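Reading through the structure tokens given below for one structure.
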Amino acid sequence: MKAVHSQSLVVAIAFAALALGGCRDKPVEAGKTEEAADSGGSRKGDFGPPQGKPVDAVLTAPPNVPPPTGRTAPAKVIVKLDVIEKEMPISEGVTYTFWTFGGTVPGSFIRVRQGDTVEFHLRNLPESKMPHNIDLHGVTGPGGGAASSFTAPGHSSRFTFKALNAGLYVYHCATAPVGMHVANGMYGLILVEPPEGMPAVNREYYVMQGDFYTTGKYREKGHQPFDMEKAIIEQPTYVLFNGNEGALTGDKALKANVGETVRLYVGNGGPNLVSSFHVIGEIFDKVWFEGGTRFQENVQTTLIPAGGAAMMDFHLEVPGSYVLVDHSIFRAFNKGALAILKADGQENKAIYSGKEVDYVYLGDRAASNMQAVATAAASAKTGDLSVEQQIEAGKALFAGTCSTCHQPEGQGMPGVFPPLAKSDYIAADPKRVPSVILHGLVGAVKVNGQDYNSNMPPMSQLTDDEVANISTYVLNSWGNPGGRVTSAEAAQVRQAKPANASEGH
Ligand SMILES: [Cu+2]
């Protein structure tokens, strides 16, 4: 066994030597082979002083990526990045005070070429309340620029570095408390292209995961402050791509066409979680794992550490919605780590015969937008929430939360899921609806003359608003008796657990 193994190793080395040293006349020894495959890292990354006039870096907001530098010689590149503290949506009807590089989460994408000299200007807007700085993982030098870039509100600072290593690098704020600055969205990506550039593809996108900690529950409406306790115990309220639950869904989904090759530059800002990055329905043809020089092929899920990145290419054969997720899957469906890439083009039934991915994977994100939910929340706040607004919001939520089992028109499935349409069970006591949602239902029930003896899991993760709106929608649909459930009523029902409540399995 051992002999066979070492023999095959010799063959492998000889083959590698042949492949790498094909143009040499002498065969390469094992040690030399290693060296030939070594890009040289920083030792071979200095291509001399910058040539030509300084160039201004093209910075892009996510999900856009600047065009290739197209340069063949080292340049002096000027990067001007502003730190902006601002309130933005983190979910539908939920706002958060983000701290940003360039006004977006993640921050502006920076693209330079290996050997470039980067003159970095960091400006902290006068409106800021905090000092900030920047640590770029692509910088060779203590602190990655952090010490040289400490910038008080209304000030600006400047430092210069030579980008010696090619790769995809995270940058982030490193001002104390570092975790808090990162948790508030202070990270982004800088691509240091290898000298020959990245292989050409049809489309490039910029996606970055981050975990967020709010004092309120997931999707609890209104303005939500940062929760330091949750951050320390690493229990995020949200795990998001590009800083907002709706950043890359509905109208804002990433777009591509069948026949194209798409490249994603994916970073993970953390501060705490590691991402098991996966695209449902695709296989990465190539992954430059850890954002480095080598690629792996035919990958299903790639691990992206906090403070790390990866690049991946895939070719699109069939149209439809591809779902980007963190495959630590509760994060995708219950904390927001879900984005969509919509591919248009001709069906190819020889490759895939099935139907478009639906609410099974998209959940309530299948609704083109959740605006109705936000509108209802806003009205609830001002005290003039109408039944119509509740119905509209409930409809969007029902599609993702209930229709999997009870079917889109509430018709149910014979013998398995009872109907909600014209349900005599509901008509007998409309207040059963919020109770069944919050506590589930087990054991024998008779609905419209049919016996069911199954188990509906409780959905207590829904907020009181969501329960109220779904209930109101069900009560006013498909021949049910009408009526209304308020958020306060839902809160009351949450406290009272009925005898036939489900334990969830
Ligand atoms: Cu900061």
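Values reported hereafter were calculated over all heavy atoms of this structure, with side chains retained and with hydrogens, waters and symmetry mates removed. From a predicted model like this one, the values you see are computed outputs, not experimental measurements. In each ligand, atom 1 is the first atom listed, and ligand 1 is the first ligand listed.
- Ion pairing of Glu204 with Arg111 is present here, as a side-chain N (NZ or NE/NH1/NH2) and a carboxylate O approach within less than 4.0 Å.
- Salt-bridge check for Glu297 with Lys286: failed, with every basic side-chain N at 4.0 Å or more from each acidic carboxylate O.
- With respect to Asn469, the side-chain hydrogen bond (donor to acceptor under 3.5 Å, both in side chains) criterion is satisfied by exactly one of Gln390, Glu392, Gln389: Gln390.
- Only one option out of Lys129, His223, Glu87 pairs with Thr97 in a side-chain hydrogen bond (donor to acceptor under 3.5 Å, both in side chains); it is His223.
- Taking the six-membered ring for Trp, Tyr171 and Tyr187 have ring centres at least 6.0 Å apart.
- Atoms of the protein (N, O or S only) found under 2.8 Å from the Cu ion (ligand 1) are His132 ND1, Cys173 SG, His181 ND1, Met186 SD.
- Side chains of Phe314 and Ile283 form no contact here, defined as non-hydrogen atoms less than 4.5 Å apart.
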